[in-house]
Amino acid sequence: MRHLINILDLSVREIDRLIEVADDIIKHPSDYGDVCHSKILATLFYEPSTRTRLSFESAMLSLGGEVLGFSEQSSSSAAKGESVADTAVMVSGYSDIIAMRHPKEGAPIVAAMHSSVPVINAGDGGHYHPTQTLTDLMTIRHEMGRFDNLTVGLCGDLRFGRTVHSLISAMSRYMGIKFVLISPEELRLPYFVKGKYIIDKGLEYCESKSLEEVIGELDILYMTRIQKERFVSEDEYFRLKDSYILTPEKMALAKSDMIVLHPLPRVNEISVAVDDDPRACYFRQARNGRYIRMALIMKLLGLIENDINEPQEQGEEIITDRFTCRNSRCITSTEQELPQQFKLTDKENNIWRCRYCETRAE
């Protein structure tokens, strides 16, 4: 049984195969209208969502399956104090596959540990969002025709932006990638992402507080929303929320073939006047999400013939209860029954990180 928690759970060749299947679905939708007959997708969304939840539901219905679930924590037994582990055990008895969004980092890992059906991470706090990254990659392939030799600018909330973290980890596997990290000081990319996927891999990167100064060198501009729900201080949010606004004037400084992506929803970080620019790809990007999630559901349910024999990764070295995770956004901060587990990520330097949220042990 396969789960999708991190985009790196899929190899580069597996991602290529999923994009191929998604493209075939677009061309021949009638061939896929009944492949998930009698299958049930459970959508467990502890946080609000429009695109991700509806695209999952649309994907399963388009495959001939059924959908059940909840769209907010208050309408589930979590409001009564039920743990993620117990919810996963229970719901996996009612469904064939689970898509889960949760505000606490690492929650989908806990669900996967207790579920008897495949679990898909539909976003966990400021950690990862692998199915958005599949959508991003499909759009990049369609618009740019390649993944190699691209300068990728990521702008806005790089600290809490789970879509940014997932895209960087995915793009770091391709040749000739340069990252341009555009953010205010308070929202810089966290080191658990920058160190692991950029610095340790020897990739070229630069950091800037100015979008105007760097937009001219970009092949891809990935805009993000400053996320009010991630801030402890409302004052800090209001101080930073308008840090970057993409306008036609700024687009005039960009390459003629640069593309603009955004995981949506936007607030005001992209002017509506940009929508008519042919380089604005975010609505096409959102539509792609339905098809790539259809392909992913089929893969995890074993409905795609996979002729790719992938090498098996070695198991991680895990220790229990030697450390305590200090990340207040980690699932261990609210589910006290969970064992504190840490994985060895750098044997040479004896670096251990929380298994759930990847915070480094001190």
Side-chain angles (χ1 to χ4, degrees), residues 3-7 9-10 15 18-19 22 25 36 40-63 65-76 78 84 87-88 91 95 97-109 111-112 118-140 156-157 160-167 169-170 222-225 227-230 261-267 281-300:
H3 305 288
L4 180 60
I5 307 300
N6 182 334
I7 190 63
D9 293 336
L10 297 170
I15 291 171
L18 285 172
I19 294 173
I25 292 170
C36 283
I40 298 173
L41 166 71
T43 53
L44 311 184
F45 276 66
Y46 293 76
E47 274 190 325
S49 170
T50 301
R51 272 147 300 278
T52 302
R53 182 173 63 85
L54 293 184
S55 67
F56 265 115
E57 293 181 359
S58 175
M60 192 56 160
L61 294 171
S62 299
L63 293 169
E66 303 290 340
V67 178
L68 55 81
F70 53 82
S71 60
E72 56 184 351
Q73 182 168 317
S74 61
S75 63
S76 75
V84 167
T87 299
V91 173
S95 61
I97 188 167
I98 293 171
M100 177 183 185
R101 170 168 290 185
H102 200 284
K104 291 295 184 180
E105 296 164 12
I109 295 175
V119 172
I120 302 171
N121 179 7
D124 60 328
H127 197 210
Y128 289 122
H129 195 349
T131 63
Q132 178 62 52
T133 303
L134 287 174
T135 301
D136 301 340
L137 292 174
M138 180 176 175
T139 307
I140 291 169
D157 182 358
F160 300 116
R162 58 194 171 202
T163 60
V164 167
H165 303 169
S166 287
L167 183 60
S169 66
Y222 197 91
M223 294 294 296
T224 66
R225 173 176 63 95
Q227 303 174 87
K228 183 178 182 181
E229 63 271 25
R230 305 293 175 219
L261 302 180
H262 192 306
L264 301 177
R266 68 173 166 189
V267 180
C281 300
Y282 30 88
F283 292 124
R284 298 196 292 275
Q285 178 186 1
R287 286 193 293 271
N288 287 336
R290 173 190 177 194
Y291 303 109
I292 199 69
R293 289 182 173 102
M294 289 173 72
L296 177 65
I297 288 169
M298 292 168 61
K299 177 178 178 61
L300 295 182

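- At least one donor-acceptor pair closer than 3.5 Å links the side chain of Asp124 to the backbone N or O of Gly106.
- In this structure, Ala59 and Ile297 approach most closely via the heavy-atom pair CB-CD1, 4.1 Å.
- Across all their heavy atoms, Ser55 and Gly289 have their closest contact at CB-C, 4.4 Å.
- Between the CG atom in Leu264 and the CZ atom in Phe283 there is a gap of 6.0 Å [rounded to 0.5 Å].
- Nearest heavy atoms, Pro265 versus His262: O-CE1, 3.4 Å.
- Residues passing the side chain to side chain contact (heavy atoms under 4.5 Å, CB included) test with Ile15 are Ile7, Leu10, Ile19, Leu134, Leu137, Arg173, sequence neighbours excluded.
- Distance check: Leu61 CG to Arg290 CZ gives 9.5 Å after rounding to the nearest 0.5 Å.
- For Thr131, the side-chain hydrogen bond (donor to acceptor under 3.5 Å, both in side chains) partners two or more places apart in sequence, or in a different chain, are Arg293.
- For Thr50, the side chain to side chain contact (heavy atoms under 4.5 Å, CB included) criterion is met by Leu54, not counting sequence neighbours.
- A heavy-atom distance below 4.5 Å is not found between the side chains of Asn121 and Asn6.
- Rounded to the nearest 0.5 Å, atoms CE (Met138) and CD1 (Ile292) are 5.5 Å apart.
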- Item | Stepwise side-chain contact (heavy atoms from CB on, under 4.5 Å) check, Ile140 with Leu261 | CA-CA 9 Å; Ile140 291 169; Leu261 302 180; 3.9 Å; yes

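- Under the side chain to side chain contact (heavy atoms under 4.5 Å, CB included) criterion, Pro48 pairs with no residue at all, not counting sequence neighbours.
- Gln285 places no side-chain N or O within donor-acceptor distance of the main-chain N or O of Thr135, the cut-off being under 3.5 Å.
- Side chains of Met100 and Thr87 form no contact here, defined as non-hydrogen atoms less than 4.5 Å apart.
- Applying the side-chain hydrogen bond (donor to acceptor under 3.5 Å, both in side chains) rule to Tyr291 yields no partners; only residues at least two apart in sequence or on another chain are considered.
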- Show your reasoning for whether side chain to side chain donor-acceptor pair (under 3.5 Å) applies to His129 and Arg101. CA-CA 9 Å; His129 195 349; Arg101 170 168 290 185; 3.0 Å; yes

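- In terms of heavy-atom proximity, Gly125 sits nearest to Glu105 at CA-CG, 4.1 Å.
- Listed by chain and number, the residues in a side chain to side chain contact (heavy atoms under 4.5 Å, CB included) with Ser95 are Ile40, Ala42, Val91, Ile98, Val117 (sequence neighbours excluded).
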- Does the side-chain contact (heavy atoms from CB on, under 4.5 Å) test come out yes or no for Thr52 and Phe45, once each step is laid out? CA-CA 10 Å; Thr52 302; Phe45 276 66; 4.0 Å; yes

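- Counting heavy atoms from C-beta outward, Asp9 and Pro130 have side chains that stay 4.5 Å or more apart.
- Residues satisfying the side-chain hydrogen bond (donor to acceptor under 3.5 Å, both in side chains) test with Ser169, not counting sequence neighbours, are none.
- With hydrogens and angles ignored, the 3.5 Å screen pairs a side-chain donor or acceptor of Thr224 with a backbone N or O of Asp157.
- In this structure, the side-chain hydrogen bond (donor to acceptor under 3.5 Å, both in side chains) partners of Gln132, at least two apart in sequence or on a different chain, are Asp136.
- Residues meeting the salt bridge (Lys or Arg N to Asp or Glu O under 4.0 Å) test with Arg53, sequence neighbours left out: Glu57.
- Applying the ring-ring contact (aromatic ring centres under 6.0 Å, His included) rule to His165 yields the partners Phe192; only residues at least two apart in sequence or on another chain are considered.
- Looking only at distances, no side-chain donor or acceptor of His3 sits under 3.5 Å from a matching main-chain atom of Ile5.
- Taking every heavy atom of both residues into account, Ala295 and Ile25 meet most closely at N-CD1, 4.1 Å.
- Partners of Arg287 according to the salt bridge (Lys or Arg N to Asp or Glu O under 4.0 Å) rule, which considers only residues two or more places apart in sequence or in another chain, do not exist here.
- With sequence neighbours left out, the salt bridge (Lys or Arg N to Asp or Glu O under 4.0 Å) criterion links Arg266 to Asp275.
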